There are 2 protein chains.
Amino acid sequence: MESPYLRIAAELRRRIHSGELAPGDKVPSTRVVARDFTVALATAARALAVLKEEGLVEARPRSATVVAATRSRPRRRAGPVELTREGIVREGVAIADAEGLGAVTIRAVAARLGVAAAAVHRHVRGRDELVFGMADLAYGEGRYPAGTLSRRERLETVARTLWQIYRRHPWLPNLTPLDRPLPLPGLLRHGEQLLRALDGLGLAPEAMLTIEVLIYAHVQGLAVHIERETQAMAATGLSSDQWLDTQGRTMSAFVTSGRYPMFTKTITGLGAEGYDFDLDNIFETGLQALLDGLRIESLSRSTS
Amino acid sequence: MESPYLRIAAELRRRIHSGELAPGDKVPSTRVVARDFTVALATAARALAVLKEEGLVEARPRSATVVAATRSRPRRRAGPVELTREGIVREGVAIADAEGLGAVTIRAVAARLGVAAAAVHRHVRGRDELVFGMADLAYGEGRYPAGTLSRRERLETVARTLWQIYRRHPWLPNLTPLDRPLPLPGLLRHGEQLLRALDGLGLAPEAMLTIEVLIYAHVQGLAVHIERETQAMAATGLSSDQWLDTQGRTMSAFVTSGRYPMFTKTITGLGAEGYDFDLDNIFETGLQALLDGLRIESLSRSTS
DNA sequence: ACCTGAACACCGTTCAAGT
DNA sequence: ACCTGAACACCGTTCAAGT
């Protein structure tokens, strides 16, 4: 792989350590990095995110990003801390949240914990098991209120809880095809709520599981796009030519090609500022449509 | 990675080449491989699939799998064939279809085409571009009839066409988060049909795009499970204790744990032969529900 | 008991050298 | 022009050796 963004981060890191970029100096902006290294804005943004994560640079609110004053000490805990499976999995989640699932390597986790790669293998059978544990941890995050909810409200709550988890961990919806069977304790908790909402309606178990799968699929099918959306937002400063730089170039090529008349018509029919791809809104629209369409007895639309 | 199934395949290959397993000999069954190598049935099935793909073993209908009589010659074309981008991409698709996306490495493609890895890089900028091209090729497969269809029928046709493509290429729904912008010509073709079905209803462009995304998400959100389903089916011979071996063990642990009462109740409420996870049926149920729930004007339910 | 260092077998990608 | 071979910088995983 050797991701380009890691290479860029390494180069910028070198400049900082060499003093080429002193504390307080402005770090090249996303746009400048993208131009100088001839990469997409999203890639540049990712490289800068790595440095931010490392504490080498800081975002000055209402201003540029600058080199951090004191190289904030490595986020390692003072003194040797017991190496545990839990700590390893947490570190994996932290890396994935910040840099994506691709950055989660056994070696990276080990380095951030200050141990040898082999030591990690002592607590986790392999990379797959690490990722499995990460998924379980993340799915376990949602909490459900003990209060009483209508069936419809309960179904909506489950879907929204999962959606929020995916918002926090955009890498999560992408790892369905794990090598192991998928039953995660963390995921079953959500299923419990879902099935409870469907209980007592006289539905066959098969029908209940079908509905469960359909709701999961709706959330997950949309959530896989969160990662791209996040990248796109990170890549765009405040300016509005953002869209043009990344998606826009290829898009407009399609529009002018004339081979996709309906696409062209729809795109040009949008307002001047384009389509802000509002995933939250699409999610909610689809959820309501799906639940309406399923016509489950006594599932009146909630007021939320 | 160093997948276990590749290691198993290598060991079986060694036995065949060494003569330990002679042509016509029965190859160890999925179940036997799983036991001997202490891996899941799915892993064993994958290893055997590799050998089948290589032509080293053949499935005898209504009988066991045996070592192939003559080591069928490598599927390379006779004589050197011009190395083209198209040929490279096709080979990538062939590998992904047979062994999954993880098996698609530049080196593997190069080896199967009988060239050096560096030669591949001459036609394809990197692995990402290869995968991008594979996706575009696969999405380009569906054909639409020129005939006249109702709006509803057209939407259903698009969804089903995508579903069939995912059935043929189970790796495809998993690669949303490509590093590049997602507009694939092959994918836009489907969008054209979809938008056409929504044209002339007075819908705002934003609404049309929202509906498009929701239908895509439904298909894709379910299609990511096809790969697992395929593996599960490959892993199960004819016998019925298949399910118990793979998913079942963990599942029944959950059931007996008592921590998931709704899950337990639903699972035990299923018929004796369990739930046959019929993705095609779930897909169709969800599609109808979604289209119904969207309440788009003049979208009467089709008879299909 | 737990971790390290080194090794092995893989990657993607680059580049001078060959044809 | 096109491909090769070798190299480089990364992986995951294993294992004898250390503490």
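Letters A, B, ... mirror the listed sequences (proteins, then strands); counts begin at 1. All heavy atoms count here, side chains included; hydrogens, waters and symmetry mates do not. These numbers come from a predicted model, not from an experiment.
- Atoms NE2 (B:His121) and P (D:dC3) sit 14 Å apart, rounded to a whole Å.
- Taking atom CD1 of residue B:Ile88 and atom P of nucleotide D:dC3, one finds them 8 Å apart after rounding to whole Å.
- Closest non-hydrogen pair, B:Arg112 versus B:Ala94, comes out as NH2-CB, 4.1 Å.
- Nearest heavy-atom pair across A:Arg168 and A:Asp97 is O-OD1, 3.6 Å.
- Side-chain atoms of B:Gln220 come within 3.5 Å of backbone N or O of B:Pro173 as a donor-acceptor pair.
- One atom, CD1 of B:Ile106, and another, C1' of C:dT13, lie 9 Å apart when rounded to the nearest Å.
- Where A:Thr105 and B:His123 each meet DNA chain D at their nearest nucleotide, the meeting point lying more 5' is that of B:His123.
- For the pair A:Leu101 CG and D:dG12 P, the computed distance is 12 Å after rounding to whole Å.
- The distance from atom CZ of B:Arg127 to atom C1' of D:dC10 is 15 Å, rounded to the nearest whole Å.
- Of the charged side-chain nitrogens involved, none lies within less than 4.0 Å of a carboxylate oxygen, so that B:Arg189 and B:Glu141 do not count as a salt-bridged pair.
- Base pairing annotation: C:dG18 forms a Watson-Crick or G-U wobble pair with D:dC2, both donor-acceptor distances under 3.5 Å.
- Using a 4.5 Å heavy-atom cutoff, the side chains of A:His190 and A:Ile165 are in contact.
- To the nearest 0.5 Å, the span separating CZ on B:Arg127 from OG1 on B:Thr105 amounts to 7.5 Å.
- Between the CG atom of A:Asp128 and the P atom of D:dC11 there is a distance of 17 Å, rounded to whole Å.
- Of all heavy-atom pairs spanning B:His123 and B:Arg85, the tightest one is O-CG, 3.6 Å.
- Searching all strands for a Watson-Crick or G-U wobble partner of C:dA7 with both distances below 3.5 Å returns D:dT13.
- The separation between A:Arg125 atom CZ and D:dG12 atom P is 17 Å, rounded to whole Å.
- In this structure, the CD atom of A:Glu129 is 15 Å from the P atom of D:dG12, given to the nearest Å.
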Using nucleotides 4-8 of chain C, report all nitrogen or oxygen pairs with the protein that are shorter than 3.5 Å.
from  : atom 1 : to       : atom 2 : distance (Å)
C:dT4 : OP2    : A:Ala116 : N      : 2.6

